[in-house]
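Numbering of residues begins at 1 and proceeds along the displayed sequence. In listed order, ligands and their atoms are each counted from 1.
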Amino acid sequence: MIAFTKGHGTENDFVLIHDPAGSLDLTPALVRFLCDRRAGIGADGVIRAVRAGAVAAGEGVDPDMWFMDYWNADGTTSEMCGNGARVFAAFLESEAGVDLAEGLDFATRGGPRAVRALGDGRYAVGMGVYRVGDASAGFDSEVAARGMDPVRPALSVDMGNPHHVVALGSLEELEALDLTVAPQVHPVPEHGSNVEFAVALGFDDAGAETRGRVRMRVHERGSGETRSCGTGACAVALAMRTWAGQGAPDVWDVEVPGGMVTVRITGATTILEGPAVLVAQGAVSVP
Ligand SMILES: N[C@@H](CCC[C@H](N)C(=O)O)C(=O)O
């Protein structure tokens, strides 16, 4: 039997496993079973909380550090998961008694990250250094998707994991997309990509800071369409700011099908803010 917790961040859902010593043999087949919505528990991905020293967490990583061992539903791994990082934090608070008010540095396949509780069921994740692709022409690639005609220009954004962002002109276009089929990216990314489709909703300068607002949908590498993607929200905010040009806001409220997250662009990095909810605990027997 494997003890698990089920949680989500803006309805991007995960099976979480507390395995500090790394004693579980977490295989692609086991991940696919756990994520199966009919035969297993059901989730967009699996997150194992394991000490860095118990796995190959990378050169020079403090072995006592927590490692967020993230897996997509299809049994592949990813460098980083933004929504997952918030849920991972809530899980460590509840399962391992970690105090998140002071913040926690943790390890991922994409490098070190930091997370802090904001105190209202929300968490802020330091998402690491981003890299926006060649934006000299505004775009550096193309995306084709079912329900979207014709092929559209896209901008690549590296959030530790790969993204391509497409701007659409209306919410009707966004809703018309059929993301049950994976979008095609050209040139074909070597390691695949997460693809975001976004519609700018305008600026809000009523408060102390000007904020941009945008709505997105995403097709995730390894998981299909999900109801939210934290790294994707950061990629969308960065693409929107790039396209909006000089004077564009650094703070973006990003509407996703599962709720809303906020992205703060702070120089070379971003901070992702949003909720994390733990919904169930149990034990699963593996067939
Ligand atoms: N949903 C995640 C991203 C998960 C990884 C992604 N599918 C990939 O393969 O890179 C997020 O919230 O960032």
Side-chain angles (χ1 to χ4, degrees), residues 6-16 26 28 31-32 34-35 42-48 67-91 106 108-111 113-115 122-131 133 154 156-165 179 182-183 185 188-198 214 216-239 252 254-264 269-277:
K6 179 78 193 287
H8 74 91
T10 49
E11 298 180 0
N12 190 191
D13 62 345
F14 311 101
V15 170
L16 298 122
L26 192 54
V31 168
R32 285 192 292 272
L34 294 171
C35 291
D44 296 326
V46 169
I47 296 172
R48 173 169 63 151
F67 178 74
M68 182 177 79
D69 184 16
Y70 175 83
W71 297 67
N72 287 316
D74 71 352
T76 56
T77 56
S78 176
E79 300 85 347
M80 179 52 186
C81 178
N83 290 327
R86 301 195 310 277
V87 182
F88 177 67
F91 181 59
F106 64 100
T108 72
R109 288 188 181 81
R113 299 288 187 272
V115 62
R122 291 164 53 81
Y123 296 81
V125 184
M127 298 287 284
V129 174
Y130 61 80
R131 198 177 54 77
S156 63
V157 180
D158 186 337
M159 288 300 307
N161 60 350
H163 293 265
H164 284 78
V165 183
L179 297 181
V185 181
V188 176
E190 194 182 348
H191 303 292
S193 191
N194 303 283
V195 184
E196 289 81 26
F197 300 88
V214 58
M216 64 171 264
R217 284 176 65 189
V218 59
H219 186 282
E220 284 196 37
R221 178 181 69 167
S223 300
E225 181 172 20
T226 61
R227 292 184 60 76
S228 182
C229 177
T231 48
C234 294
V236 163
L238 288 161
W252 290 80
V254 184
E255 296 180 9
V256 291
M260 194 173 79
V261 294
T262 297
V263 177
R264 297 178 188 276
T269 66
T270 55
I271 296 168
L272 172 72
E273 295 175 1
V277 187

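Residue contacts with ligand 1: Cys229 is included, with a non-hydrogen atom under 4.0 Å away. Distances shorter than 4.0 angstrom do not occur between any heavy atom of Thr226 and any atom of ligand 1. Between His163 and ligand 1 there is no heavy-atom distance shorter than 4.0 Å.
Distance from atom 8 (C) of ligand 1 to its nearest protein heavy atom, with residue and atom name: Ser78 OG, 3.2 Å. In terms of protein heavy-atom proximity, atom 4 (C) of ligand 1 is nearest to Glu220 OE1, 3.2 Å. Summary of contacts: the protein heavy atom closest to atom 2 (C) of ligand 1 is Cys81 SG, 3.0 Å. From the protein, the heavy atom lying nearest to atom 12 (O) of ligand 1 is Gly230 N, 2.6 Å. At the top of the distance list for atom 6 (C) of ligand 1, counting protein heavy atoms only, stands Asn194 OD1, 3.2 Å.
A donor-acceptor distance shorter than 3.5 angstrom exists from the side chain of Lys6 to the backbone of Gly42, with no hydrogens or angles considered. Proximity of a side-chain donor or acceptor of Asp69 to a complementary backbone N or O of Ile47 within less than 3.5 Å is not detected. Checking side-chain atoms of Asn194 against main-chain N and O of Pro162 turns up a donor-acceptor pair under 3.5 Å. The backbone N or O of Val195 lies less than 3.5 Å from no partner atom in the side chain of Ser193, so there is not a single donor-acceptor pair.
Residues Tyr70 and Thr108 fail the side-chain proximity criterion, which asks for heavy atoms closer than 4.5 Å.
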### Message
Between Phe14 and Asn83, does the side chain to side chain contact (heavy atoms under 4.5 Å, CB included) criterion hold? Intermediate values first, please.
### Response
CA-CA 9 Å; Phe14 311 101; Asn83 290 327; 4.1 Å; yes
### Task
Evaluate the criterion salt bridge (charged side-chain N to carboxylate O under 4.0 Å, His left out) for residue pair Arg217 and Glu196; output intermediate values, then yes/no.
CA-CA 6 Å; Arg217 284 176 65 189; Glu196 289 81 26; over 6 Å; no
### Task
Show your reasoning for whether side chain to side chain contact (heavy atoms under 4.5 Å, CB included) applies to Thr77 and Asn72.
CA-CA 6 Å; Thr77 56; Asn72 287 316; over 6 Å; no
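Side-chain rings of Phe67 and Phe106 stay apart, their centers remaining 6.0 Å or farther from each other.
Considering backbone and side-chain atoms alike, Asn161 places an N or O below 3.5 Å from some N or O of ligand 1. Checked by distance only, ligand 1 and Asn72 come closer than 3.5 Å through their nitrogen or oxygen atoms. Here's the thing with Thr231: one of its N/O atoms is less than 3.5 angstrom from an N/O atom of ligand 1. Looking at Gly82 next to ligand 1, an N or O pair under 3.5 Å apart turns up. Between Ser223 and ligand 1, no N or O atom pair is found at a separation short of 3.5 Å.
A salt bridge does not link Asp74 to Arg32: none of the charged side-chain nitrogens sits closer than 4.0 Å to a carboxylate oxygen.
When non-hydrogen atoms are compared, ligand 1 lies under 4.0 Å from neither the backbone nor the side chain of Met159.
Set against the non-hydrogen atoms of Asn83, the atoms of ligand 1 under 4.0 Å away are 11 (C), 12 (O). Every atom of ligand 1 is numbered from 1 in the order shown, and the set under 4.0 Å from a heavy atom of Met80 is 3 (C), 4 (C), 5 (C).
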